[in-house]
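Worksheet for the structure shown next.
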There are 2 protein chains.
Amino acid sequence: MTHVEILKKHNLKATPQRLSILNTLEMYGHVTLEEIEKYTKVNFPTLSLSTIYRNINEMIKKNVVSEVKITNSKDYFEINKEKHAHLICKECGKIEDFKIDTQDIVKNIQSLTNDKIIDATLNFEVICKECLSGK
Amino acid sequence: MTHVEILKKHNLKATPQRLSILNTLEMYGHVTLEEIEKYTKVNFPTLSLSTIYRNINEMIKKNVVSEVKITNSKDYFEINKEKHAHLICKECGKIEDFKIDTQDIVKNIQSLTNDKIIDATLNFEVICKECLSGK
DNA sequence: GTGTCTGCAAATTATTTGCACGTTG
DNA sequence: CAACGTGCAAATAATTTGCAGACAC
């Protein structure tokens with residue numbers, strides 16, 4: 001689905017500002033607010049910070065974008081895709097998506113509590129292969 | 001270990017301010033900054049916000065306290081204990097500690113990536129037993 | 001054309017800092 | 001008593017909001 005289609009599907013007008021924000025998210029995968037500002041302004045110098053805030057919040061509310069919170073670091077944002085976990089390199093800080101079925105984990109864990117587990121947010125601290133190989 | 005001992009062990013002087021913050025964390029388990037301010041000031045009305053900020057940050061740096069980041073909610077703080085996961089009730093918002101060995105999960109997952117997995121931060125969205133039973 | 005969106009400036013909220021004084025070990 | 005910690009006020013940073021004009025559909 002194109003970004004235009006995604007926006008329309010969620011009753012958001014496909015403005016150039018929104019498209020450029022989504023484009024930045026697409027290109028960089030996981031970005032902080034300042035990074036969105038920095039990278040997006042390269043191609044869209046007149047974009048204002050308040051528009052970024054308004055749109056990120058709006059798109060989060062509509063489930064187009066989601067927030068990735070990582071201990072001891074800033075908040076990141078990503079385009080909403082299939083559910084996945086994150087691998088966060090302790091050394092270089094890179095964040096990678098990690099496609100595992102979180103429901104598998106949920107099933108394994110469910111027997112350990114009386115609460116009904118609905119879903120899981122999983123962040124793994126890693127040393128990524130590049131850092132491991134000393135690159 | 002008492003709070004005084006914990007602080008000394010980390011080269012932090014055991015001031016009444018720090019002890020009262022730790023006491024609030026102990027009593028409530030997981031608290032936001034505003035909650036720390038609110039609850040702590042009941043017994044310590046002169047405590048200043050900047051002292052709370054300074055000490056929370058200091059204690060995080062020294063691993064006395066840790067930050068709990070949950071998608072779509074404020075940051076919480078807790079006293080550092082054995083590694084554990086969190087169960088977050090979608091309905092009432094309550095956060096419970098969930099004592100599972102995160103290393104077990106790490107082991108199960110390690111074969112799926114070439115990154116070296118060091119540790120895991122696990123948050124489970126749940127409906128807690130109280131909400132389930134309609135209380 | 002109408003309702004939504006944007007940029008700007010101003011308001012509000014959150015966090016940090018400098019400094020003079022108090023306290024801990 | 002020396003180093004460290006605190007409160008206060010001021011500085012800075014982060015986020016939100018009101019409004020007038022612009023744009024998407």
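Basis for what follows: all heavy atoms, side chains included, without hydrogens, waters or symmetry-related copies. Letters A, B, ... are given to chains in the order of the sequence lines, protein chains preceding strands, and every chain is numbered from 1. Treat the numbers as computed from the prediction; the structure is a model and nothing was measured.
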Donor-acceptor pair, B/Asp115 side chain versus A/Lys129 backbone, under 3.5 Å?
yes
Qualifying side-chain hydrogen bond (donor to acceptor under 3.5 Å, both in side chains) pairs, either residue in residues 7-21 of chain B, two or more places apart
B/Arg18-B/Asn55
To the nearest angstrom, how far is A/Tyr53 atom OH from C/dT12 atom C1'?
13 Å
Just grab all the salt bridge (Lys or Arg N to Asp or Glu O under 4.0 Å) pairs involving residues 44-61 of chain B, residues at least two apart or on different chains.
B/Glu58-B/Lys62
Quick one: ring-ring contact (aromatic ring centres under 6.0 Å, His included) partners of B/Tyr76, sequence neighbours excluded?
none
Results of ring-ring contact (aromatic ring centres under 6.0 Å, His included) for A/Tyr53 - residues two or more places apart only:
none
With sequence neighbours excluded, residues passing side chain to side chain donor-acceptor pair (under 3.5 Å) with A/His86
A/His30, A/Glu78, A/His84, A/Asp97
Partners meeting side-chain contact (heavy atoms from CB on, under 4.5 Å) with A/Ser48 (sequence neighbours left out)
A/Ser50, A/Thr51
Who passes side chain to side chain donor-acceptor pair (under 3.5 Å) against B/Gln110, sequence neighbours left out?
none
With a 4.0 Å cutoff (strictly under), does any side-chain N or O of A/Gln17 reach OP1 or OP2 of C/dG7?
yes
Axis-to-axis angle across the helix from C/dG1-D/dC25 to C/dG25-D/dC1, five pairs each end, nearest 10 degrees, ~ 50°
Looking only at non-hydrogen atoms, find the nearest pair between A/Asn63 and A/Asn80 and report the distance.
O-ND2, 3.0 Å
Only pairs at least two apart or in different chains count here, so list each side-chain hydrogen bond (donor to acceptor under 3.5 Å, both in side chains) that has a residue in residues 98-107 of chain A.
A/Thr102-A/Asp119
Test item: A/Glu91 and A/Leu132 side chains (from C-beta on) under 4.5 Å apart, heavy atoms
no
Would you call A/Asp75 and A/Leu33 a side-chain contact if the rule is heavy atoms closer than 4.5 Å?
no
Where does the angle between the aromatic ring planes of B/Tyr39 and B/Tyr28 fall among parallel (under 30°), tilted (30 to 60°) and perpendicular (over 60°)?
parallel
Provide, to the nearest angstrom, the distance between the CD1 atom belonging to B/Ile52 and the P atom belonging to C/dT15.
11 Å
Please list, in numerical order, the residues of residues 54-64 of chain A that have a heavy atom closer than 4.0 Å to any atom of DNA chain C.
A/Arg54, A/Asn55
Value in whole Å for how far the P atom of C/dA14 lies from CG of A/Asp75:
15 Å
In whole angstrom, give the distance that lies between atom CG of B/Leu19 and atom P of C/dT24.
10 Å
So, with a heavy-atom separation below 4.0 Å from DNA chain C, the residues of residues 26-49 of chain B are none
Checking contacts here: which listed nucleotide (C/dT6, C/dC8, D/dA9) is nearest the side-chain heavy atoms of B/Ser50?
D/dA9
Among residues 5-15 of chain B, which contact DNA chain C at a heavy-atom distance under 4.0 Å?
B/Lys8, B/Lys13, B/Ala14
